[in-house]
Every structure is written in structure tokens, then in C-alpha cells.
2 protein chains.
Amino acid sequence: MIEYKKEIQLFKALSHPTRIAILELLRNGEQCVCHLEASLGLRQAYISQQLGVLRKAGLLAKRRDGWNIYYRVLNKEVFAVLDSVYQMTGTPKIEQTITPATCTCPHCESEDAQMLVIPEDILS
Amino acid sequence: MIEYKKEIQLFKALSHPTRIAILELLRNGEQCVCHLEASLGLRQAYISQQLGVLRKAGLLAKRRDGWNIYYRVLNKEVFAVLDSVYQMTGTPKIEQTITPATCTCPHCESEDAQMLVIPEDILS
DNA sequence: AGATTACATTCATCTTTCTGAATATAACTC
DNA sequence: GAGTTATATTCAGAAAGATGAATGTAATCT
């Protein structure tokens with residue numbers, strides 16, 4: 001009798017709203033913890049806990065850059081799993097449902113800078 | 001903040017080896033409980049419990065025919081989810097890994113009868 | 001070195017889920 | 001209606017997971 005250990009580990013890791021939301025925030029590339037904190041509106045320690053779960057499940061890896069630690073999805077195939085589930089549940093594409101947020105990391109600040117450029121025709 | 005309730009419910013239902021095995025046994029069509037019992041080698045009450053979980057998760061439906069109750073998968077899309085996970089985990093197609101078994105239900109007995117037909121060229 | 005920033009871990013409590021034993025139900029046979 | 005067969009539910013103890021508070025660590029800056 002097969003035990004489906006890897007599958008169970010994956011399903012358990014995905015059985016949590018915060019962890020799914022984290023994966024969605026990482027769908028388009030790495031993000032720092034403070035960015036996840038700002039986007040999810042949850043306490044930092046709590047997010048770190050959930051990141052730990054995803055890391056232990058082999059879904060995430062991290063990279064330090066100065067003060068910040070950037071998390072990324074190791075295997076993009078996890079999004080195929082998520083998408084097939086959204087297909088079943090009728091949930092719309094998630095990217096559009098999470099409010100974008102910014103934090104103090106260099107990544108966000110450069111994006112901020114870009115967004116804050118006021119088009120000239122509005123000024124006139 | 002999205003709660004992903006349906007997704008969580010689905011992931012939790014799939015986070016169990018017996019329940020995955022049941023779904024695999026139903027991949028090619030309905031089966032009676034006694035057949036699942038024979039194939040999985042687990043006690044009947046236990047299998048009924050797991051069937052109940054899958055039913056409450058909206059994954060299965062049942063149909064009574066005389067003494068037997070036949071379970072079937074309601075939404076075939078669940079196999080797309082499973083297959084995408086097997087893709088991630090590197091698990092081979094499961095159908096071939098579960099030992100076929102027979103029970104006393106009419107379904108199995110007719111299959112038995114077919115299998116027991118001895119080709120004439122072997123007899124000669 | 002000391003203070004600060006960003007992130008991680010530990011610990012205790014509470015809730016949920018798992019598991020197995022026992023019992024219940026529902027349809028059929030005689 | 002009594003007995004049998006097939007399946008379902010209930011219940012209690014054990015295990016696992018969720019949650020939040022507090023604390024720890026590691027890199028950076030002055």
C-alpha cells in the first residue's frame with residue numbers, strides 16, 4: 001500500500017490560507033519578508049512561522065541581501081497545482097485579489113519611486 | 001484578505017493516504033465499498049469514515065444498488081489536481097501501483113467470471 | 001562595541017483531526 | 001418478523017496542528 005508521503009506533505013503545506021496567499025505573492029518572483037508582512041497585514045513572527053512551514057515542505061528557498069531576506073518559490077509546478085484547484089473551486093485568478101503593498105526594502109522603494117513619478121500632463 | 005476556504009477544504013480532504021488511494025480506485029468509475037475494502041486491506045468502518053470525509057468535501061457521491069453502495073467521483077477535475085501533484089513529486093501513475101482485488105459484489109463477480117474464462121488454446 | 005533592523009525560533013495553550021472500538025441503520029432473504 | 005449482509009455513525013483517547021507571546025539571532029550602521 002502506497003503511503004503518498006510526498007503528496008500528503010504537499011497537501012498539508014497548502015492547507016492554510018496564509019500559506020496559499022504567500023505563494024500567490026511569490027508567483028511573479030521573490031519578495032522580502034517585510035513585503036509579505038505589509039501585503040498580508042499579519043504580524044512578522046506569524047509570517048515567519050508560515051514561511052518556515054513552506055520551506056520545510058521544500059516549496060521555498062531564501063536569499064539574503066543585506067538586511068532583507070528574499071523568499072522565492074523553488075518549484076514553479078506548485079502553481080499548476082494551485083491553478084488546477086482554482087479551476088475546481090471556481091476561484092478567480094488570485095493575483096488580482098491581493099492588494100499590492102510596499103515596505104521599506106530596496107525592492108519596494110524602487111517600485112515606489114517609479115509609481116510616484118507624476119505624469120507631466122497631470123501637473124499642467 | 002481571501003480565506004481560500006474551498007481550497008483549504010479540498011487540500012485537507014486530500015491530505016490523507018487512504019483518501020488518495022480511494023480516489024485512485026475510483027478513477028475509472030464507481031466501485032462498491034466492499035471492493036475498496038478488499039483492495040485497500042483496511043477495515044470497513046475505517047473506509048466508511050474516509051468515504052464520509054470525501055463525501056462531505058463534495059468529492060464523492062454514492063448510489064445504492066441492492067445490498068451494495070457504489071461510490072463515484074463527482075468532479076473529475078480532482079484528478080487534474082492529483083496528476084499535477086504527481087508531476088511535482090515524481091510519483092508514477094498510481095493506477096498501476098494498486099493491486100486489483102475482488103469482492104462479493106455483482107460488479108466484481110461478473111469481472112471474476114470474465115477473468116476466469118480459460119482460453120481454449122491453453123486447454124488443448 | 002553598542003544599537004538597530006529584519007527575520008526566526010521556542011514555548012505553552014487551545015483546537016482540530018486521526019484512529020479504532022463499538023454500535024447503529026437500512027435493505028434484503030427466508 | 002428474525003436473521004444476514006453491507007454500509008454508516010458515534011464516541012473517546014491520542015496525535016497533530018494552529019495561534020500568540022516572548023525571546024533569539026544575524027547582519028548592518030554609527
| Any donor and acceptor pair, going by atom type alone, linking the side chain of B:Lys76 with main-chain N or O of B:Arg27 inside 3.5 Å? | yes
| task | Would you kindly give the CD1-to-C1' distance between A:Ile47 and C:dT9, to the nearest whole Å? | result | 16 Å
| task | Please examine the side chains of B:Leu82 and B:Glu24, heavy atoms only from C-beta on, and report whether any two atoms are closer than 4.5 Å. | result | yes
| task | Give the rounded distance in Å between these two atoms: CD1 of A:Ile69 and P of D:dA27. | result | 9 Å
| task | Would you mind classifying the nucleic acid contact of B:Tyr71 as base, sugar-phosphate or nothing, using non-hydrogen atoms under 4.0 angstrom? | result | sugar-phosphate
| task | For A:Lys5, enumerate each residue passing the side chain to side chain donor-acceptor pair (under 3.5 Å) test, keeping only those at least two apart in sequence or located in another chain. | result | A:Glu3
| query | Does A:Val53 reach the side chain of A:His16, with side-chain heavy atoms less than 4.5 Å apart? | reply | no
| said: List the residues meeting side-chain contact (heavy atoms from CB on, under 4.5 Å) with B:Glu77, not counting sequence neighbours, and say none if there are none. | reply: A:Gln87, A:Met88, B:Asn75
| remark: Whole-Å distance, B:Lys62 NZ to D:dA6 P, equals 16 Å
Return all side-chain donor-acceptor pairs below 3.5 angstrom for residues 55-63 of chain B, not counting sequence neighbours, or 'none' if the list is empty.
unit_1, atom_1, unit_2, atom_2, d
B:Arg55, NE, B:Tyr71, OH, 3.3
B:Arg63, NE, B:Glu30, OE1, 3.2
B:Arg63, NE, B:Glu30, OE2, 3.4
B:Arg63, NH2, B:Glu30, OE2, 2.4

| query | When the distance from CZ of B:Phe11 to C1' of D:dA18 is rounded to whole Å, what number comes out? | reply | 18 Å
| note | Rounded to whole Å, CD of B:Glu37 lies from P of D:dT5 at a distance of 14 Å
| task | Work out which heavy atom in B:Ala21 is nearest to a heavy atom in B:Leu40; give both atom names and the distance. | result | CB-CD2, 3.7 Å
What are the atom names and distances for every N/O pair under 3.5 Å that joins the protein to nucleotides 26-28 of chain C?
unit_1, atom_1, unit_2, atom_2, d
C:dC28, O4', B:Trp67, NE1, 3.3

| field | Min side-chain heavy-atom separation B:Leu14-B:Val85 under 4.5 Å | value | no
| task | Would you mind reporting whether A:His35 and A:Asn68 have side-chain heavy atoms less than 4.5 Å apart? | result | no
| said: If the cut-off is 4.0 Å, is A:Tyr46 near the phosphate of D:dG20, judged by side-chain N/O to OP1 or OP2? | reply: no
| Spacing of A:Asn68 atom CG relative to D:dA27 atom P, expressed in whole Å | 14 Å
| note | From CZ of A:Arg63 across to C1' of D:dA27 the rounded distance in Å is 15 Å
| query | Quick one: is C:dT17 close enough that its OP1 or OP2 comes under 4.0 Å of any side-chain N or O from B:His16? | reply | no
| said: Taking donor-acceptor contacts at under 3.5 Å, does the side chain of A:Gln44 reach the base of C:dA8? | reply: yes
| query | Quick one, which residues of residues 48-59 of chain A touch DNA chain D with a heavy atom under 4.0 Å? | reply | A:Gln49
| query | Could you give the CD1-to-C1' distance, from B:Ile22 to D:dT7, as a whole number of Å? | reply | 13 Å
| request: Ignoring backbone atoms, test whether A:Arg19 places a side-chain nitrogen or oxygen under 4.0 Å from the OP1 or OP2 oxygen of D:dA18. | output: yes
| Should A:Phe79 and A:Tyr86 count as side-chain neighbours, where that means a heavy-atom distance under 4.5 Å? | no
| query | Does A:Arg64 have any salt bridge (charged side-chain N to carboxylate O under 4.0 Å, His left out) partners at least two apart in sequence or in another chain, and if so, which? | reply | none
| What residues form a side-chain contact (heavy atoms from CB on, under 4.5 Å) with A:Ser15, not counting sequence neighbours? | B:Phe11, B:Lys12, B:Ser15
Scan nucleotides 12-16 of chain C against the protein and return all N/O pairs shorter than 3.5 Å with their distances rounded to 0.1 Å.
none

